[in-house]
Amino acid sequence: MELELKQLRDRCLADLKAVCELKTLDNVRIKYLGKKGELTIALKGMGKLSSEERPIIGKLANEIREEIEDNISTQKQSLEQQEIEAQIREESIDVSLPGKKHQAGNLHPLTTTINELKEIFLGMGFSIAEGPEIEWAKYNFDYLNVPHDHSARDLQDTFYYEDDIVLRTQTSPVQVRVMQEQKPPLRIISPGRVYRSDEIDATHSPVFHQMEGLVIDKGITMSDLKGTLDLFAKKLFGEQTKTKFRPHQFYFTEPSAEMDVTCFKCGGVGCKVCSNTGWIEILGCGMVHPNVLQFCGIDPEQYSGFAFGMGLDRITMIKYGINDLRLLFENDLRFLAQFK
Amino acid sequence: MLVSLNWLKEFVDIKIPPYDFGEALTMSGTKVETLTVVSENVINIFTGKITKIEAHPNADKLIVCTVDMGTEERVIVTAAKNVFVGAIVPVAVDGAVIANGTKIGTNDFRGLLSYGMFCSIEELGMNTDLFAKEIIEGILILPENTPLGMDARELLWLDDVIIDVELTANRSDCQSIIGIAREASATLDLPLAAFATYTAAESCNQIADYLTVKIEDPACPRYVAKMLKVKKIAASPLWMQVKLLNSGVRPINNIVDVTNYVMLELGQPLHAFDYDSLQSQEIVVKTTAAKKMITLDDKERDIDETMLMITNGQAPVAIAGVMGGQNSEITEKTTLIVLESANFNKSSVRLTAKQLGLRTEASSRFEKGVDPELAGIAALRATHLLLEIGACEVIEGLIDVYPRVEALKKVSLDINWFNAFVGISLTIDEIANMLTRLFFTVEKISDHVLDVSVPSYRLDIELKEDLAEEVTRIFGYDMIPGTIMGGETMVGGKTPVQKFQDALKNILVGQGYYETLTSSFTSEKRLLGLNSQLEDNLIPLINPLGEENSIMRNTLIGHQLEVISLNYNRKNPFAQFFELSNTYRKNTKPGELPIEEQKLAISSYGSADYFELKGVVELLLEQSGIKYPEFIAGGSDFLHPGRKAEIFVAGTKLGEIGEIHPLVVKNYELPKRCYVCQLSFEALFDCASLDHKFTDLPKFPASNRDLAILLKATIPAAAVATIIRNNGGDILESIELFDVYTGAQIPADYKSLAYALNFRHHERTLNDNDINPVIDQILGALKESFDAQLRE
């Protein structure tokens, strides 16, 4: 019996060794350890053994069973390992092949610029105000202190829908609306579309975009105007940017100024972008004219404030180095796709 | 405006370099655009007088000139034809450089040496636009009294710096040398020199024997006339010509040059009439019924009764403030002149000049506003100059019709207010000093209040804020500190609408769509190209830039198609675009502004199809929290009748979607298949539900059932889904159409729609007893509505 068992064990181990697939491994287990397996059957024959032999053979049989099971388990692990290795070998790919195409579009560069400006001012507690593009002439001119005989009102400069309704020539009428509809303190910006009767060329378009800003509160000073716009310029063009405020004239502000920033391209030493001046003109600004405050029902003796306005198309062109305004309105995909 | 720095220096002793001066002027409010030296290169050109001219022995076309250079004689060989013995000419000597950079030396001309070269206007670097053709073509002949051996740079002001300044609309007082000189004086804190005027004591009023002046229209606040006898009409002296030239004005003769000189110097336009041609002893300023008039430039002008005229009582002799008439022009025969120094209302001149399409140096000054006080000063300044250069003799007396002399304006300035307003702290004396530098008369009425008298020419100063700007610009804007605003803390931020706009754009960008930017204008033709009648709610412009741009758009579709057309024609094989922008239409409520409605247009060509675009729209709606949008066949005429749908949410129309109609494809030169969708942003926002709320995750499993429904092919799938949804009860969680079949397995004109239905109860696991009755209910309803049946 003992010999029988040992031979059985040797046969089984040889069978196991010959197995090279997980599928057939189980066959070996069934052949020896299954209900009708050789070892199982052999053990059933133990009843015939003498009581002396039984514990000895029983022990041996158990040892053999354990040995077979261990071997099966080891073999299983090894085969699994081999199988995974084979799978990995088979499934290797050329990772350098191009990925599957996913199309993303992008925002128009003007929108991106506007978003950037919005973020800067939203961070300073401003809100975004909106107003109509087709506007009463009195909002576009009169309430902004533009003289009645000013040439800006001429048919050759301003588009008219009716005698008293124009396509706004600036975003400034939004100022008026905000001041008339809300009480100070006010902090708003208002980006939007404006119109002037200019034939389209590399730097002009009858349709263009501006952003207006307005701050009204008690005790707002001209140095607040400088501080705020200087901070804006640094955020938009980088911390090293310097600003220069030059006296200027607008009807709706007094005192008025134009703000230049150091050329972001050359840093102020002079290059093609800044026409060798080192400076780029960015916006017009000033302290809100007392007449405008009065038109809007705000007492100029109690409140003061500042306003500013800038050309967004121009800033976009400067920011991206776009040399022709018409490209912004043409929408050639090869242009649009450059601003991902 | 062009300003000669040399001329300016006659009023203010400017010692700093031109560039620094330009910066200083810019920073005090007079923006300097460019600084240009008249003739940068020219050196070693001196005046010489031709004393002898001989023929060249070896060349017919050359002559040999002996030239007296003052201290030496020099032989110059030239081909010039306009030189003569006695002519004083500019001579480029050895080592000279002419305007184009060419060096001049001693040259052999057919065996004779020429020790230099005579120069023309162009070779001197002067502005050839300001000279007659015959003068440009020859050698420049200088006046007889020109000193010999003099450096041309000095004589002709070739080293002058021309400053191009950009003036703001409010500073009409700066449209002159004296105006800029006042600014320079205030900016640099230097004294301003006075100029000479005719001040002789006159014993009689001789002028009254010749002339009276009447003003019959308030558009002429003042009319000053001085009469002079002409001694000789000739060229004006070189110094005067040079100043005119460096101001961009062409010299004509001594009389005209003086009127131009005074206009440039003081800013007062002047006009000289030939007295005899007036054929009258009176000048009347009024409007007339005359229809035609020939102006000084020999052009016939259509005039009318709205235009202010200078008349001889009957006929116009000049268009007030714009241009004189040919009928009273100064000629060589003129013996008596009437010098007009008048003031005209700015709107009157502006409208007349605009209507005539005639802008002159005079009209552009009057349009901005001229100080009436200047009329008297300018008349006397011109008289002085005409006498000084020997052009005229004076007729005693002065006519000055000045019905209403305005008192000087006074503005009071509280320095405490000023300092608080600007955010600086200047003393009352510092402020008074800066205002005085600007020629304001200042009186201290308390320790913090100044009474400020405004010079008559400062038409722009009305309020204390105006004075604040004056002080601040002289103090220096760059000296004001930058501060961060105080006051109440403000939250600011975007409104829900603004956030939603951003969100929509971001979704579309993520799906591969490019944002476009198109014009707001369209036209009848462009709209008719969309295969539909013009709507009656359009907004046409009174004064459009051409027919193409004559209407405000009421749809974004046309512009999206134009963008597609452009890209297609430029061989971009496929593209997807969107734009969120305003459209415009009439407001039916009277007295209100037109309606501006934001629309979202989405378009594509080249790669996608209808369902691709629809999928993106469905995604947009889903991301907007909109459930169960309905796409119902139908829509505008620019869409393909068989491939278009209107989009509804709970009965509200959001917009439409479809393929572009083949006719429109032709009209807009489009690729064969283009897809567009246009949604009303407002409707979309109203339907959107953007709040997110958490619901517990399901604890019990879902049961899935697939149903294949056989029905007539014409029945829209959406209608089937609606029936299923409406009959699914509370336990129907979702349905999904996963297959549409038409073909051999089923009858013709029929289709099979296969749906996956998902059932779930949130409190227990469902079994067949729960689900089967619902399925039966659904099938029953489908049978009833569409005669549909379960496909076996």
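Note: hydrogens, waters and symmetry copies are ignored here, and every other heavy atom, side chains too, is used.
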Within a radius of less than 6.0 Å around [atom1] of [X], do more than 12 heavy atoms belonging to other residues, nucleotides or ligands occur?
{"X": "B/E597", "atom1": "CD", "value": "yes"}
{"X": "A/K340", "atom1": "NZ", "value": "yes"}
{"X": "A/K235", "atom1": "NZ", "value": "yes"}
{"X": "A/D299", "atom1": "CG", "value": "yes"}

Donor-acceptor under 3.5 Å ([X] side chain, [Y] main chain):
{"X": "A/D332", "Y": "B/N567", "value": "no"}
{"X": "B/N543", "Y": "A/L155", "value": "yes"}
{"X": "A/R187", "Y": "B/M490", "value": "no"}
{"X": "B/T168", "Y": "A/H248", "value": "no"}
{"X": "B/S347", "Y": "A/D149", "value": "no"}
{"X": "B/E465", "Y": "A/H289", "value": "no"}
{"X": "A/K118", "Y": "B/G493", "value": "no"}

Side-chain ion pair, [X] and [Y], N-O less than 4.0 Å:
{"X": "A/E254", "Y": "B/K464", "result": "no"}
{"X": "B/E596", "Y": "A/R193", "result": "no"}
{"X": "A/E281", "Y": "B/K31", "result": "yes"}

Between chain A and each of [options], count heavy-atom pairs under 4.5 Å; write down the option with the most.
{"options": "B/V563, B/D466, B/I424, B/I484", "value": "B/D466"}
{"options": "B/K505, B/Q498, B/Q511, B/R350", "value": "B/R350"}
{"options": "B/Y477, B/F578, B/Y584", "value": "B/Y477"}
{"options": "B/A468, B/G476, B/G512", "value": "B/G512"}

Under 4.5 Å from any heavy atom of chain A, what part of [X] do you find: side chain, backbone, both or neither?
{"X": "B/E367", "value": "neither"}
{"X": "B/N170", "value": "both"}
{"X": "B/L566", "value": "side chain"}
{"X": "B/F574", "value": "both"}
{"X": "B/V491", "value": "backbone"}
{"X": "B/N582", "value": "side chain"}
{"X": "B/E592", "value": "backbone"}
{"X": "B/I539", "value": "both"}
{"X": "B/A420", "value": "backbone"}
{"X": "B/E166", "value": "side chain"}
{"X": "B/R570", "value": "both"}
{"X": "B/T26", "value": "both"}
{"X": "B/T30", "value": "neither"}

Test log, rule side-chain contact (heavy atoms from CB on, under 4.5 Å), inputs B/M552 and A/Y195
CA-CA 12 Å; B/M552 299 301 285; A/Y195 302 85; 3.8 Å; yes
Evaluate B/E579 against A/H108 for side-chain contact (heavy atoms from CB on, under 4.5 Å), listing each step before the verdict.
CA-CA 9 Å; B/E579 185 163 335; A/H108 193 278; over 6 Å; no
Part of [X] lying under 4.5 Å from any heavy atom of chain B:
{"X": "A/I128", "value": "both"}
{"X": "A/T158", "value": "backbone"}
{"X": "A/E133", "value": "both"}
{"X": "A/S256", "value": "both"}
{"X": "A/L167", "value": "side chain"}
{"X": "A/F306", "value": "side chain"}
{"X": "A/H148", "value": "neither"}
{"X": "A/K244", "value": "side chain"}
{"X": "A/Y251", "value": "side chain"}
{"X": "A/I220", "value": "both"}
{"X": "A/V166", "value": "neither"}
{"X": "A/L231", "value": "side chain"}

Contact summary for [X] and [Y], nearest pair of heavy atoms:
{"X": "B/F421", "Y": "A/P255", "value": "CE2-CD, 3.6 Å"}
{"X": "B/L593", "Y": "A/P132", "value": "CD1-CG, 3.9 Å"}
{"X": "B/S28", "Y": "A/P247", "value": "C-CG, 3.7 Å"}
{"X": "A/P290", "Y": "B/L463", "value": "CG-CD1, 3.8 Å"}
{"X": "A/S127", "Y": "B/G492", "value": "OG-CA, 3.4 Å"}

Separation of [Y] [atom2] from [X] [atom1] (nearest 0.5 Å):
{"X": "A/L107", "Y": "B/Y514", "atom1": "CG", "atom2": "OH", "result": "11.5 Å"}
{"X": "A/M222", "Y": "B/T472", "atom1": "CE", "atom2": "OG1", "result": "5.0 Å"}
{"X": "A/D198", "Y": "B/L545", "atom1": "CG", "atom2": "CG", "result": "8.0 Å"}
{"X": "B/L541", "Y": "A/I134", "atom1": "CG", "atom2": "CD1", "result": "8.0 Å"}

Within the 3.5 Å criterion, strictly below it, is a donor on A/Y161 or B/K586 matched to an acceptor on the partner's side chain?
no
Can you tell me if B/Y513 and A/Q103 form a side-chain donor-acceptor pair at under 3.5 Å?
no
Name the option with the most non-hydrogen atom pairs under 4.5 Å to chain B; the candidates are A/G125, A/S223, A/G227.
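Ranked by contacts with chain B, first place is A/S223.
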Keeping to residues at least two apart or across chains, list the salt bridge (charged side-chain N to carboxylate O under 4.0 Å, His left out) pairs with something in residues 471-487 of chain B.
B/E183-B/R473, B/E470-B/R473
Using the rule given for ring pair (Phe, Tyr, Trp, His ring centres under 6.0 Å), can you reason through B/F521 versus A/F159, listing the C-alpha separation, both sets of side-chain angles and the distance that settles it, and then say yes or no?
CA-CA 11 Å; B/F521 302 130; A/F159 292 113; 5.3 Å; yes
